[in-house]
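The figures here come from the full heavy-atom set of this structure, side chains too, leaving out hydrogens, waters and symmetry mates.
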Amino acid sequence: EFKFVLSSMTERGAVSLVRARVPALRREFAPRQVSSLYFDSASYSCFHQSNAGVSERIKVRLRWYGELTPSTPLTLELKHRANHLGWKSQYALGALDLASMDVRALPERFAEVVAPAERSVVRLLRMPILVTSYFRHYFATADGGIRVTVDSGLRFADQRRSRRLRLSGAGRASDLSVVECKMAPTRERDAAAMLRGFPQRHGRFSKYCHALDRLTERANRP
């Protein structure tokens, strides 16, 4: 996985840049809004491990697409990282009336559907911390072996002081766009060659950590 952070760049500008610099890409399917409810431990272990670049770590999030309604399908994702490799365990939860339920009770529901080896993880990372939301464009090579997404308009909402999901009053993280390139390990060299003309250098970036940093900055303002 390669990530590029485009500071002070609009959604339109980021998409135009990717299409101009990487002409081999084609649009995979229609853009859409992506939202995630992130969970962490009481000591924020995910946040600290991600910021420190710990080689082996896991994030737990609940993801949905488009507007949230009682009939919106929800997916539990455990995002694994081992050195420079990343993969996800995904579990379809169907539709839940997420807006009306106690979100702190969700980890016990997660424990019922995940693989036995992952139950301790969802019980440890059980604190709902924040919701992130952004608009995503999808691109891929003709063979589908390399995928590139462009995320813009990142917004977030603090969940730590409420048992009910809070989506209103979400703050804008900043005027940035994030380009992510994902591929199988066997296609890493192909992806690197394809992105050689990209003006930014790739590096680590976490939307969860970025949003939580911004919330902390706001809380500490005099």
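Note: the hydrophobic cluster containing L93 also contains L98 (ILVMFWY, side chain heavy atoms under 4.5 Å, direct or indirect links). In terms of hydrophobic clustering, with Ile, Leu, Val, Met, Phe, Trp and Tyr side chains grouped at heavy-atom distances under 4.5 Å, L176 and V15 are assigned to different clusters. Note on I146 and F2: same hydrophobic cluster, where clusters join Ile, Leu, Val, Met, Phe, Trp and Tyr whose side-chain heavy atoms are under 4.5 Å apart, directly or indirectly. By the criterion of side-chain heavy atoms lying less than 4.5 angstrom apart, applied directly or through intervening Ile, Leu, Val, Met, Phe, Trp or Tyr residues, L74 is grouped together with L78 in one hydrophobic cluster. Residues F205 and F4 do not share a hydrophobic cluster, clusters being chains of Ile/Leu/Val/Met/Phe/Trp/Tyr side chains in contact below 4.5 Å.
Ring pair Y91/F110: centre-to-centre distance not below 6.0 Å.
Between V103 and P128, the shortest heavy-atom contact is CG2-CG, 3.8 Å. The minimum heavy-atom distance between Y134 and R136, with the atom names listed, is OH-NH2, 3.6 Å. Heavy-atom minimum distance, S45 versus D40: N-OD1, 3.2 Å. Shown here for M127 and A42, the closest heavy-atom pair between the two residues is CG-N, 3.9 Å. Nearest heavy atom pair, residue R57 against residue Q49, reads CB-OE1, 3.5 Å. Nearest heavy atoms, P70 versus A95: O-CB, 3.5 Å.
Side-chain contact annotation: Y208 with R61, donor-acceptor N/O pair under 3.5 Å absent. H137 and E11 share a side-chain donor-acceptor pair at under 3.5 Å. Between the side chains of K59 and S206, at least one donor-acceptor pair of N or O atoms lies under 3.5 Å. Side chain to side chain, S89 and E77 fail the donor-acceptor criterion of an N or O pair below 3.5 Å. With hydrogens and angles left out, the side-chain atoms of D97 and S100 include a donor and acceptor closer than 3.5 Å. Side-chain contact of S41 with S43: a donor-acceptor pair under 3.5 Å is present, judged by distance alone.
Distance check: D143 CG to R187 CZ gives 4.5 Å after rounding to the nearest 0.5 Å. Taken to the nearest 0.5 Å, the CZ atom of F156 stands 14.0 Å off from the NZ atom of K207. Note: R63 CZ to T75 OG1 = 9.0 Å, rounded to the nearest 0.5 Å. Note that the CG atom of D190 and the OG1 atom of T141 stand 9.0 Å from one another [nearest 0.5 Å]. Distance CG/D151 to OG1/T132: 9.5 Å, rounded to 0.5 Å. Separation of atoms CD (E180) and NZ (K3) is listed at 4.5 Å; rounding is to 0.5 Å.
Of the possible donor and acceptor atoms, one in the side chain of R204 sits under 3.5 Å from a partner among the backbone N and O of S50. Side chain of E188 to backbone of M183: no donor-acceptor contact under 3.5 angstrom is found. For T69 (side chain) and S71 (main-chain N/O), a donor-acceptor pair under 3.5 Å exists by modelled atom type.
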Going through the checks in order, is the side-chain contact (heavy atoms from CB on, under 4.5 Å) test met by R147 and Y138?
CA-CA 7 Å; R147 298 178 62 244; Y138 299 82; 3.6 Å; yes
For the pair K79 and V60, evaluate side-chain contact (heavy atoms from CB on, under 4.5 Å) and give the outcome as yes or no after the intermediate values.
CA-CA 6 Å; K79 190 174 182 181; V60 175; over 6 Å; no
Go through the steps for R164 and Q159 under the test side-chain contact (heavy atoms from CB on, under 4.5 Å), then give the verdict.
CA-CA 8 Å; R164 304 296 179 188; Q159 306 299 312; over 6 Å; no
For E28 and R26: C-alpha separation, side-chain torsions, deciding distance, then whether salt bridge (charged side-chain N to carboxylate O under 4.0 Å, His left out) applies.
CA-CA 6 Å; E28 191 172 23; R26 57 176 177 79; over 6 Å; no
Checking side-chain contact (heavy atoms from CB on, under 4.5 Å) for the pair E67/T72: CA distance, chi angles, key distance, verdict?
CA-CA 8 Å; E67 182 181 357; T72 300; over 6 Å; no
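When side chains are defined from C-beta on, S152 does not count as touching T10, because their heavy atoms never get closer than 4.5 Å. Within the 4.5 Å cutoff, the side chain of L195 has heavy atoms near those of the V22 side chain. Annotation: side chain of H210 is not in contact with side chain of V5 (no heavy-atom distance under 4.5 Å). Counting heavy atoms from C-beta outward, W64 and L37 have side chains that approach closer than 4.5 Å. When side chains are defined from C-beta on, V179 does not count as touching S177, because their heavy atoms never get closer than 4.5 Å. Side-chain contact check for F39 versus I129: every heavy-atom pair is 4.5 Å or farther apart. Looking only at side-chain heavy atoms (C-beta outward), R155 and V131 stay at 4.5 Å or farther from each other. Contact check for L6 versus V178: no side-chain heavy atoms found under the 4.5 Å cut-off.
A salt bridge between E112 and R119 is absent, with no side-chain N of the basic residue lying under 4.0 Å from a carboxylate O of the acidic one.
Surrounding CZ of R160 are more than 12 heavy atoms belonging to other residues, nucleotides or ligands, all under 6.0 Å away.
Within the cation-pi definition used here (under 6.0 Å to the ring centroid, within 45° of the axis), R32 qualifies as a partner of Y65.
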